[in-house]
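Quick caveat: nothing in here was measured; it's all calculated off a predicted structure.
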Amino acid sequence: MGFLSVLSCAHQWISSRLQPGDLAIDATVGTGADTLFLAQKVGKRGQVIGFDIQSEALTLAQARIRKQEDSAKLGSISMLQLSHDRMAEAVPESWQGNVGAVMFNLGYLPSEGADSTIITETNSTLAALQAALALLKPRGIITIVLYPGHDGGSQEADAVLKWSSALSVEQAQVVIYRQLQRETSPFLIGIEKK
């Protein structure tokens, strides 16, 4: 058996912490794979809010969710066409300090015909990460999949590494999952709030 992909590893880390009835956020909806995963994990009593700036992403995600045969078992899903850096103001106040998981899958929309020049931007990502950390409950988790192999990706990855490395150990535990032989391979950062 080989190592898990970064996406599978992120799902595994979240699966071990997220409980039915929890609150969760998909900071980068994309094609909706993580949104659907989170809705399955929180179950019908839980809630998920997803963010994406592209209407095409939200349309793709809604189509993916509609295809689910067990949709009655999914948590409530709200998708907002907003940048993830507006997370703190967009989620209900009652979510403050109560979110079980926040997923980030950075880069660009991985869909045929999508504009790959529309990418996540370093400044908005860092603001969103700060907001996500504040929204987490104790032992809540943030997963961040980074893609240093595309234009702008390595700068964003470096900034996220620097930001997460600077978090105090009293505030959070930070781990990294990465293939070391290729600098441009995607990698995963996990942040667990203390």
Side-chain angles (χ1 to χ4, degrees), residues 6-43 45-53 57-58 61 65 74-107 120-147 156-157 159-161 163-168 171-177 186-194:
V6 290
L7 296 173
S8 295
C9 187
H11 285 196
Q12 188 177 73
W13 288 354
I14 285 176
S15 290
S16 68
R17 289 168 180 80
L18 210 53
Q19 301 296 314
D22 274 351
L23 305 172
I25 296 172
D26 185 352
T28 50
V29 169
T31 62
D34 291 337
T35 312
L36 178 58
F37 164 76
L38 290 170
Q40 289 167 331
K41 289 296 160 192
V42 300
R45 292 181 296 114
Q47 297 177 57
V48 176
I49 296 178
F51 293 86
D52 209 293
I53 61 169
L58 300 181
I65 291 161
L74 298 179
S76 153
I77 302 170
S78 303
M79 287 189 270
L80 306 175
Q81 189 174 346
L82 282 177
S83 172
H84 53 203
D85 67 359
R86 306 226 358 241
M87 184 185 304
E89 68 189 71
V91 300
E93 196 173 312
S94 62
W95 284 43
Q96 191 73 33
N98 292 309
V99 173
V102 183
M103 296 189 80
F104 288 79
N105 192 349
L106 302 175
T120 52
E121 300 287 340
T122 302
N123 289 339
S124 64
T125 296
L126 294 176
L129 286 167
Q130 195 65 50
L133 191 58
L135 288 167
L136 282 186
K137 64 183 180 181
R139 294 202 27 81
I141 186 172
I142 297 171
T143 60
I144 313 150
V145 177
L146 297 129
Y147 298 88
E156 182 176 47
V160 171
L161 271 170
W163 176 85
S164 55
S165 298
L167 294 173
S168 73
Q171 187 177 18
Q173 177 178 337
V174 182
V175 295
I176 187 168
Y177 181 76
F187 65 97
L188 170 65
I189 294 175
I191 301 172
E192 182 183 65
K193 189 172 185 175
K194 293 280 179 134

Hey, can you tell me if H84 and F104 have their rings parallel, tilted or perpendicular (30° and 60° cut-offs)? tilted

Please walk me through it: do V102 and L135 pass side-chain contact (heavy atoms from CB on, under 4.5 Å)? CA-CA 9 Å; V102 183; L135 288 167; 5.5 Å; no

Do the non-hydrogen side-chain atoms of K137 and K193 ever get within less than 4.5 Å of each other? no

For L18 and A24, which heavy atoms make the closest approach, and how far apart are they? CD2-CB, 4.3 Å

Show, in sequence, the C-alpha distance, side-chain angles and deciding distance for L7 and F37, and conclude whether the side-chain contact (heavy atoms from CB on, under 4.5 Å) test is met. CA-CA 11 Å; L7 296 173; F37 164 76; over 6 Å; no

I need the minimum non-hydrogen distance between L80 and A90, along with the two atoms involved. CD1-CB, 3.9 Å

Do T120 and Y147 make a side-chain contact, defined as non-hydrogen atoms from C-beta onward lying under 4.5 Å apart? no

Side chain to side chain, L126 and V160, heavy atoms closer than 4.5 Å: yes

Can you see which heavy atom on L188 is nearest to which on V6, and at what distance? CD2-O, 3.6 Å

Verdict with reasoning, W163 to Q130, per side chain to side chain donor-acceptor pair (under 3.5 Å): CA-CA 9 Å; W163 176 85; Q130 195 65 50; 3.0 Å; yes

For the atom pair CG (L23) and CZ (R45), what is the distance rounded to the nearest 0.5 Å? 11.5 Å

Work out which heavy atom in Q96 is nearest to a heavy atom in A134; give both atom names and the distance. NE2-O, 3.4 Å

Between CD of E89 and CG of L82, what distance do you get to the nearest 0.5 Å? 7.5 Å

Are any of the side-chain heavy atoms of L133 and L167 separated by less than 4.5 Å? yes

Does Q81 reach the side chain of D52, with side-chain heavy atoms less than 4.5 Å apart? no

Point-to-point distance, once rounded to the nearest 0.5 Å, from CG of D34 to NE2 of H11: 4.0 Å

Classify the side-chain pair T35/D26 by whether it contains a donor and acceptor separated by less than 3.5 Å. yes

Give the intermediate values and the outcome of side-chain contact (heavy atoms from CB on, under 4.5 Å) for residues D22 and L38. CA-CA 10 Å; D22 274 351; L38 290 170; over 6 Å; no

Taken to the nearest 0.5 Å, the spacing of L106 CG from T28 OG1 works out to 6.0 Å

Rounded to the nearest 0.5 Å, what separation is found between the CD1 atom of I142 and the CG atom of L129? 6.0 Å

Is atom CD of E93 surrounded by more than 12 heavy atoms (other residues, nucleotides or ligands) closer than 6.0 Å? no

Minimum side-chain heavy-atom gap S78-Q47 below 4.5 Å: no

Is any side-chain heavy atom of P92 closer than 4.5 Å to one of I49? yes

For residues G107 and E156, report the shortest heavy-atom separation together with the two atoms involved. N-OE1, 4.2 Å

Side-chain heavy-atom pair I144, I191 within 4.5 angstrom cut-off: yes

Atom pair CG/OG1 of L58 and T31 - distance to nearest 0.5 Å: 11.5 Å

Do you know which two heavy atoms are closest between G75 and V42, and how far apart they sit? CA-CG2, 4.0 Å

Count the heavy atoms belonging to other residues, nucleotides or ligands that lie under 6.0 Å from CZ of R17, then report whether that count exceeds 12. yes

Do the side chain of S83 and the main chain of R86 share a donor and acceptor less than 3.5 angstrom apart? no

